[in-house]
Asks: 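Quick one: the structure is below, questions incoming.
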Amino acid sequence: MAKPKGKSLQQRYKYPLPIHPIDYLPSVILHNPVSWVYWAYCFWKATNIPSKRVHIEFEGGVNFPHIVVQDKDDMKYLWKNGFFGTGQLSRSEPTWLERQEGASKERSNDLALEKITERRRIQRLEFKKERVKLEKQLLDLRRNGGNIEQENALLVQEREMLRMFKQRQQEEGLGDNNSVVEESMIEGTAVDHEYVDIESLELMSVEATFLSFALPILDISPKVLLSRLFGPSNDITYGDIHKFITHYVTYHHYRSLGWCVRSGIKFGCDYLLYKRGPPFQHAEFCIMVLDHDKSKDYTWYSSISRVIGGAKKTCVLCYVERLLPEDQIVEYWRTDNFIKLFGSYRVGEVIYKRWIPGKNRD
Amino acid sequence: MTEQLENEVFSQDGTIADSDVEEDELVQDWSQIAKIAKSNGALTIPKRGEKDYEPDGTDVQELLLYKARKELFDTLANSVRGSTVKAQVKALYVADRHGAVVPHARGNFLQTMGKVDFSDGQVWLSFYEFVYLSERGTVTPYWGGQSVAGENNDSLLPLSIEDLYILFKTQHELDNFAVYAHLRRLGFIVNPVSPSDTSFYPNCPSAPRTGVTSIYRAITSMFFLRKNSLFNNIFYKQWHYCFCKYTRTPQIYEKLKLLVPSISVPKTIEDLKGFYGSQQDYAEGQLTLTFNVWKPQTNFKKKHPPLPDYQVVVYNKNQRGAHFPTFDELQNIFRHLDYKFQFLSEVADDEFSWDDHSYIVGKPRSDVIASERKSKDKKDPKTPAKNPSAKKSKKRQLPPHIQQLQRLRNGYSSFLLAVIDNGIISFVRISQADFASENVWYVPPKDGLRKKPFNDRKKRAN
């Protein structure tokens, strides 16, 4: 499964950013001046800006508007080129429609992430059931007065059986278990009608800002976007925008280094860093955005690091420092000087990791 | 102890896949130990038995529990304790020096502990060492008077462990001792940080130089901000795409990277020297580096120790006024670090030796040790030559993207923060990270280049 899929993934997610490089120029033949002219013409004609801007809508109340993309192609485009946004009815990639159609027709080869997870969970559940069964055997033996040797023999046998069971599960893989999942999903849904796509892609406010301010992708200017999010710039105080600015600065920092940055709420942190994107690898790092001159109670650090450590990720404390006075920042915000605004913050990083003496003795 | 054992047998959470379960301290199986203690047989590492998660109401389980408990008590009851009069080592606490003198010093502990005072030729234990060794029963504590008095063995006043705890002067000292004893018990070699230690830096940071470097830094950072905003002003305007054409994604990334400045981190020896030179004195009430810690080792040179493997900051979370360090405070601790910077030896070439890079009062440690060895004996010239060859074989080259990941995961300089909460000690490793120095963006393969891996695969198949 892994090999062919890996190749198609490479093709599918070829571009890490929604701005594509000009990589379709004709080749230049040295002894043919016509090709030079043609190349120059193509180069002159080419542009990095996508032909169509992505349209966004604001949903929800005034207090916290949701930034939403509804066009189907736009949703796909944003996901494929840098993994922006989250499908409202999916885990991350907006696959609701495909999943519905796939479930009602035949199961497609291209498994959605949600299904893979579901299959894994079912497998694990079956494994646990099996284990309980075997443990019961042991208890019966004890009740009936078996001796230690018998018990040990049974334990060895048990362990072997569990190992076999697990192996069998892995070999079956796509086979039987999968169909169980599919059938359970089909139940209750009608097979023969058309689905209307009701899913839309929701963007985090930092993502929308990145796509509007840093890259010209959205059909909204950063000024309008931020005034929709935070109200008219004339009655802004520094306290209103501080959190957003530090989070955006962090987001931009990691995006610009090539990380795929997504929300880290599932691990109790601010951001997750994926090396290329969620379909390729698990996230390596969890980012917590902090003010450089503040400190929290130790319990706070301890709890997030335990959660993150439990998911085998590395906890990074990202401290953001303001280099200019508050008035200056507010002034920049009012005059829409976002370049200077975001540029006047500095980022410093520290890795926080539990250290166990017994494991570091060599 | 019994409680611990019961936990072992009736542990509740075995089904939850918690990665930390394995990391917690191992509880030993006493049945094996009891056997070993009695028969004095070959020493093996005791193994843990199968775990029962809850009482199942059978006699078998009750019996197992009873047996385990009995073996534990047997072990405790049968172990030899105390010392014979002949082997007893007395340590006399002297109040003025807040330490203890050992008149007839002998024992293994002298390998890593104690210091000879050359004015009186006596072995002195620091207060932490004194309490720790007394608790272990290695030395027997006595009251030695206010100042060093003549030794009249008959009228010495013995001290109990409770007495020793009265002698602690501050809560802070007690906290430090808790960390000291904890690490010691686990086999580490621990000493307080002092200015006379072996240092990574040939000379101490001097005050005037710090002023110059900080000014220099301020100017360069200003320049950095200016320069960036110039580039940025163009990039973030949309019309610039009309005449700026990017043929590769990294070009766009490089432009995006210019917006947010980040704090860079020392990565080379030169960087570290500059960074160390820029240190400031700790502010009032700030956490400071307290202990140097070495991994357990057999030939530890007490007089000229190698660079420590770790440095520890002790932080009592319940102490009033203490807080988890802010970023600036962390940075200042990083500036004071003076230990075996592990990340240096990972990138360095084979000839890199820590002894050439550690200095004892300005002299390289390798020279000091060599000259000492010469004066001591000339029989053993082979041993120093052996070490580097052993190191070479250890090193293996990993592919660059994995090396990069390791650099990101491990960070650069680091220290240990020992957090104390009502006597419970937990450790945190805090290290400097520098994501800005590593680009991880994906470069899409050009059409012409895509054939290459394909060919490679073919070759391998043949």
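Only this structure's heavy atoms are used, side chains among them; waters, hydrogens and symmetry mates stay out. Predicted model only: the values in this text are computed from it and were never measured. In what follows, chains carry the letters A, B, and so on, assigned in the order in which the sequence lines appear, proteins first and then strands, with residues in each chain numbered from 1.
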Asks: With a 4.5 angstrom heavy-atom cut-off, is it the side chain or the backbone of Trp44(A) that approaches chain B, or both, or neither?
Replies: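 Backbone only.
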Asks: What part of Val316(A) gets closer than 4.5 Å to chain B, counting heavy atoms only: side chain, backbone, both or neither?
Replies: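 Looking at Val316(A), just its side chain touches chain B.
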Asks: With sequence neighbours excluded, tell me which residues meet salt bridge (charged side-chain N to carboxylate O under 4.0 Å, His left out) with Lys80(A).
Replies: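 Counting only residues at least two positions away or on another chain, Lys80(A) forms no salt bridge (charged side-chain N to carboxylate O under 4.0 Å, His left out).
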Asks: Is it the side chain or the backbone of Phe43(A) that comes within 4.5 Å of chain B heavy atoms, both, or neither?
Replies: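 Its backbone and side chain both get close to chain B.
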Asks: Could you look at Lys275(A) and say if it's the side chain, the backbone, both or neither that has a heavy atom under 4.5 Å from chain B?
Replies: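 For Lys275(A), backbone and side chain are both near chain B.
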Asks: Any idea how Phe327(B) and His292(A) line up, ring-wise: parallel (<30°), tilted (30 to 60°), or perpendicular (>60°)?
Replies: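 Perpendicular: the ring planes of Phe327(B) and His292(A) meet at over 60°.
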Asks: Can you tell me which residue among Glu321(A), Glu349(A), His253(A) is in a side-chain contact (heavy atoms from CB on, under 4.5 Å) with Ser262(B)?
Replies: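 Answer after filtering Glu321(A), Glu349(A), His253(A): His253(A).
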Asks: Below 4.5 Å, heavy atoms only, C-beta onward: do Tyr310(B) and Trp355(A) meet side chain to side chain?
Replies: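 Sidechains of Trp355(A) and Tyr310(B): in contact.
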Asks: Given heavy-atom pairs under 4.5 angstrom as the criterion, report whether the side chain, backbone, both or neither of Arg361(A) touches chain B.
Replies: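 Contact with chain B involves both backbone and side-chain atoms of Arg361(A).
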Asks: Passes side-chain contact (heavy atoms from CB on, under 4.5 Å), Val260(B) versus Thr250(A)? Steps please.
Replies: CA-CA 8 Å; Val260(B) 181; Thr250(A) 318; over 6 Å; no
Asks: Under 4.5 Å, heavy atom to heavy atom: which of residues 405-412 of chain B reach chain A? Give them by number, or say none.
Replies: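 Counting heavy atoms that sit under 4.5 Å from chain A, the residues of residues 405-412 of chain B involved are Leu405(B), Leu408(B), Arg409(B), Asn410(B), Gly411(B).
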Asks: Go through the atoms of Leu138(A) and report whether side chain, backbone, both or neither lie under 4.5 Å from a heavy atom of chain B.
Replies: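 Nothing of Leu138(A), per the 4.5 Å heavy-atom cut-off to chain B.
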Asks: What verdict does the side-chain contact (heavy atoms from CB on, under 4.5 Å) test give for Arg354(A) and Val428(B), after you've listed the backbone C-alpha separation in whole Å, the side-chain angles of each residue and the deciding distance to 0.1 Å?
Replies: CA-CA 4 Å; Arg354(A) 209 162 79 91; Val428(B) 179; 5.6 Å; no
Asks: So which pairs with a foot in residues 318-329 of chain B pass salt bridge (Lys or Arg N to Asp or Glu O under 4.0 Å), sequence neighbours left out?
Replies: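 Listed by first then second residue: nothing to list.
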Asks: For the pair Tyr298(A) and Tyr315(B), name the ring-plane relationship: parallel under 30°, tilted 30 to 60°, perpendicular over 60°.
Replies: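 Rings of Tyr298(A) and Tyr315(B): perpendicular, over 60°.
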Asks: Can you find a pair of side-chain heavy atoms, one from Phe338(A) and one from Tyr236(B), that are under 4.5 Å apart?
Replies: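 Phe338(A) does not reach Tyr236(B) side chain to side chain.
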Asks: Which bit of Ser212(A) comes within less than 4.5 Å of chain B, counting heavy atoms only: side chain, backbone, both or neither?
Replies: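 The backbone, not the side chain.
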Asks: Do you see a donor-acceptor pair shorter than 3.5 Å between the side chains of Tyr319(A) and Gln331(B)?
Replies: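 Per modelled atom types, Tyr319(A) and Gln331(B) side chains form no pair under 3.5 Å.
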Asks: Side chain from CB out, backbone as N, CA, C, O: work out which of these in Asn360(A) comes under 4.5 Å of a heavy atom of chain B, or both, or neither.
Replies: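 Both parts, backbone and side chain.
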Asks: Considering only heavy atoms from C-beta outward, does the side chain of Val347(A) approach that of Phe435(B) to under 4.5 Å?
Replies: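 No, every pair of side-chain atoms sits at 4.5 Å or beyond.
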Asks: So which part of Phe210(A) gets closer than 4.5 Å to some heavy atom of chain B, the side chain, the backbone, both or neither?
Replies: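 Just the side chain, heavy atoms under 4.5 Å.
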Asks: Output the residues of residues 281-288 of chain A for which the shortest heavy-atom distance to chain B is under 4.5 Å, in residue-number order; output 'none' if no such residue exists.
Replies: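 Residues Glu284(A), Phe285(A) are the ones that qualify, each having a heavy atom under 4.5 Å from chain B.
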